[in-house]
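Given the structure is predicted, the values throughout are model-derived calculations rather than measurements.
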Amino acid sequence: MSEQKKAKLVLEDGTILEGVSFGAERSVAGEVVFNTAMTGYPESLTDPSYAGQILVSTFPLIGNYGVPGDERDENGIPMFHESDKIHITGMIVSDYSVEHSHWNAKKSLGDWLKEYGVPGITGIDTRMLTKKIREKGAMLGKIIFEGEDVELHDPNKDNLVAQVSCKEVKTYGNGKKRVVMVDTGAKYNILRCLLKRDVTVIQVPWDYDFNQIEYDGLMLSNGPGDPQMCKATIENIKKAIPTGKPIFGICLGNQLLGLAAGATTFKLPYGHRAHNHPVIKNGTQKCYITSQNHGFAIDLKTLPEGWEASYININDGTCEGIRHKTLPIFSTQFHPEACGGPTDTEKFFDEFIGAIK
C-alpha cells in the first residue's frame, strides 16, 4: 500500500482523518454512514439503497475474500451482486487486505472500486469514526486527494430514486400470477425471491403508473434517500390501495406505503444498517434478527385509522413495518430478502404470494 496515494476524509464538523487510498483516486462528497456487518460487502456496495453515501465499515478487516464475478442465472440476473454496479460514493475501512482468497473471488475489492471510479481509504480509525457518527448522527463528508478538493453535498436533497431506478418496463419469469415490482432501487434478491415462487414479475420505473396494467400483486422495493422525493410513486400507490390487491413493501417501499396511507416520515439520526438489528412483532415477544439499510422511518403517531404497526425496532422503538387492518397490504422496514444477512424472514414472500393465490 506504500505506493498508493494518501487521501483525507473531511467531515462537516471539521474533523479530518488521513489514510491511504486503495480504490479510485478521485475526490467525492456524500453522506457518511456506518455499517456494522462482518461480511457481505459485495452485496452492500451493489445495493442501490447506498447511493450517495460514503460507507464506513465497522468490521476492521475488509477485502480479505475479494469480490465474486459477474456470472448470471437463467433469468439474466447477476448471481452474486444486488445490482449491475457499485452504488456507494466512497468506502472507509480500518485495515484493507491487499491479499484476498476465496473460491468465488475473481478480483480484489480495490480493483473493483477502481473499475467503477469509487475511492476507498484504509488506515482510518473507524471505531472512533463510528462513535462520532453514533453520537452526532450521520453527517456530510468528503474524500479528497491533494490538489482536488470538492464541496460538501447532501445526497438526500437529490432524487436518488430517479437515478437508480430502471428506465423501462421489464418482464421476468412465466408464472400464472403477475406481480408488478416498482423499482425504486430494488435489490436483485427481491426479484430472485419472487421468481422462485413461480410468478411473472413486471419491473416498472419508479414513476410509472402501474395502475394502467393488469396485475395480481404489487411489490414496493427498497431504495435510497428521502421517500418524500417519490411523489409520483406515492400517488400511484394511493390509487392501488382501494383495489384491495395484495401489496408488499420493503424498506423504502415501507415508507412509501406509509406516506400513501397518510402517515409522515422522518430522518433517523444515523439510520439502521447491517445484519443484526432485533425487531419484535408488535403485541408479542417474538423477535427477529434482521438485515437493514435505511435512513428514514415512518412516524407511528401519524398512522391513520385502519392501519397499525406490525413490527418495532427493539433498539430505538421505531416503526419496522405496517399493515392494513382489513386488506392484504403490509410492509417491512427490514429486508426479508436479506442478501447478505439472515434469511429467517423470507417467509413474508410466502405470505405475499399466498395472498395473491
Side-chain angles (χ1 to χ4, degrees), residues 48-49 82 161 165 172-173 175-204 206 208 210-211 213-223 227 230 233-234 236-261 263 265 279 281-282 288 290-294 297-298 303 306-311 319-339 341-357:
S49 296
E82 291 306 306
V161 166
S165 175
Y172 299 88
K176 291 182 179 179
K177 298 298 183 180
R178 291 158 58 89
V179 173
V180 165
M181 181 177 75
V182 183
D183 178 11
T184 51
K187 291 175 64 179
Y188 276 139
N189 212 40
I190 293 178
L191 189 53
R192 296 184 196 108
C193 286
L194 290 171
L195 290 173
K196 75 179 184 181
R197 287 164 172 83
D198 192 29
V199 295
T200 296
V201 180
I202 304 149
Q203 181 180 13
V204 301
W206 72 282
Y208 183 88
F210 50 81
N211 294 288
I213 59 179
E214 286 293 322
Y215 67 90
D216 301 295
L218 180 62
M219 180 84 236
L220 308 175
S221 84
N222 64 294
C230 304
T233 318
I234 295 165
N236 289 330
I237 298 169
K238 282 182 181 179
K239 289 186 279 186
I241 290 172
T243 69
K245 292 180 180 179
I247 300 177
F248 179 21
I250 293 175
C251 189
L252 182 72
N254 168 68
Q255 299 157 27
L256 294 175
L257 180 62
L259 289 168
T265 56
V279 168
K281 185 174 182 180
N282 202 15
Y288 295 102
T290 65
S291 176
Q292 309 208 9
N293 177 27
H294 56 269
I298 295 172
L303 269 181
W307 295 81
E308 62 185 356
S310 50
Y311 294 90
C319 176
E320 288 285 353
I322 61 172
R323 64 186 171 216
H324 195 280
K325 291 182 178 180
T326 58
L327 299 174
I329 300 174
F330 65 99
S331 60
T332 62
Q333 184 65 73
F334 51 90
H335 286 265
E337 86 287 356
C339 187
T343 59
D344 56 329
T345 58
E346 192 180 315
K347 66 171 188 172
F348 293 122
F349 283 94
D350 296 323
E351 293 182 13
F352 174 55
I353 301 303
I356 291 173
K357 292 183 176 180

**Message:** Please give me the minimum heavy-atom distance between Ile322 and Ser310, naming the atom from each residue.
**Reply:** N-OG, 3.2 Å
**Prompt:** Within the distance-only criterion (no hydrogens, no angle test), does the side chain of Thr290 pair as donor or acceptor with the backbone N or O of Phe334 below 3.5 angstrom?
**Reply:** no
**Message:** For the CD1 atom of Ile241 and the CD1 atom of Ile329, what is their distance to the nearest 0.5 Å?
**Reply:** 5.5 Å
**Request:** Please indicate whether Lys281 has more than 12 foreign heavy atoms, meaning atoms of other residues, nucleotides or ligands, lying under 6.0 Å from its NZ.
**Result:** no
**Request:** Kindly say whether Ile202 contributes a backbone atom to a donor-acceptor pair with the side chain of Arg178 at under 3.5 angstrom?
**Result:** no
**Message:** Quick check: closest heavy atoms across Asn222 and Ser49, and the distance to 0.1 Å?
**Reply:** ND2-OG, 2.9 Å
**Prompt:** With no hydrogens and no angle check, do the side chains of Ser221 and Thr184 hold a donor and an acceptor under 3.5 Å apart?
**Reply:** yes
**Message:** How long is the straight-line distance from CD of Glu346 back to SG of Cys193, given to the nearest 0.5 Å?
**Reply:** 4.0 Å
**Request:** Verify, without hydrogens or angle tests, whether Glu82 (side chain) and Pro48 (backbone) share a donor-acceptor contact under 3.5 angstrom.
**Result:** no
**Request:** Mind telling me whether Phe348 and Tyr288 have parallel, tilted or perpendicular rings, with 30° and 60° as the class edges?
**Result:** perpendicular
**Prompt:** Do Tyr208 and Ile213 have side chains that get closer than 4.5 Å, going by heavy atoms?
**Reply:** yes
**Item:** Residue pair Thr332 / Asn254, side-chain heavy-atom distance below 4.5 Å
**Value:** no
**Request:** Name the orientation class of the two ring planes belonging to Phe248 and Phe352 (parallel below 30°, tilted from 30 to 60°, perpendicular beyond 60°).
**Result:** tilted
**Item:** Any side-chain heavy-atom pair of Lys357 and Lys177 under 4.5 Å
**Value:** yes
**Message:** Testing the basics here: between Pro227 and Thr265, what is the closest heavy-atom pair and its distance to 0.1 Å?
**Reply:** CG-OG1, 3.7 Å
**Asked** Minimum heavy-atom separation for Thr345 to His335, with atom names?
**Response** OG1-O, 4.0 Å
**Message:** Are there over 12 heavy-atom neighbours, none belonging to Lys325, within less than 6.0 Å of that residue's NZ?
**Reply:** yes
**Message:** Looking at Gly321, is its backbone amide N or carbonyl O close enough to the side chain of Ser331 to form a donor-acceptor pair, meaning the two atoms are under 3.5 Å apart?
**Reply:** no
**Request:** Quick one: pull up CZ in Arg192 and OH in Tyr172 and give me the separation to the nearest 0.5 Å.
**Result:** 11.0 Å
**Request:** Using a 4.5 Å cut-off on heavy atoms from C-beta on, say whether the side chain of Met181 contacts that of Leu191.
**Result:** yes
**Prompt:** Which atom names give the shortest non-hydrogen contact between Cys251 and His294, and what distance separates them?
**Reply:** SG-CB, 3.9 Å
**Fill in**
Rounded to the nearest 0.5 Å, the CD1 atom of Ile353 sits from the NZ atom of Lys196 at a distance of 12.0 Å
**Message:** What's the separation between atom CD1 in Ile234 and atom CD in Gln255, rounded to the nearest 0.5 Å?
**Reply:** 10.0 Å
**Message:** Once rounded to the nearest 0.5 Å, what's the spacing between atom CE of Met219 and atom CD1 of Ile250?
**Reply:** 3.5 Å
**Request:** Determine the minimum heavy-atom distance between Asn282 and Ala309, stating which atoms define it.
**Result:** ND2-O, 3.0 Å
**Request:** Evaluate the criterion side-chain contact (heavy atoms from CB on, under 4.5 Å) for residue pair Leu220 and Ile237; output intermediate values, then yes/no.
**Result:** CA-CA 9 Å; Leu220 308 175; Ile237 298 169; 3.7 Å; yes
**Asked** Side chains of Tyr215 and Lys245: does their closest heavy-atom pair fall under 4.5 Å?
**Response** yes
**Item:** Under 3.5 Å donor-acceptor, Lys187 side chain and Cys339 backbone
**Value:** yes
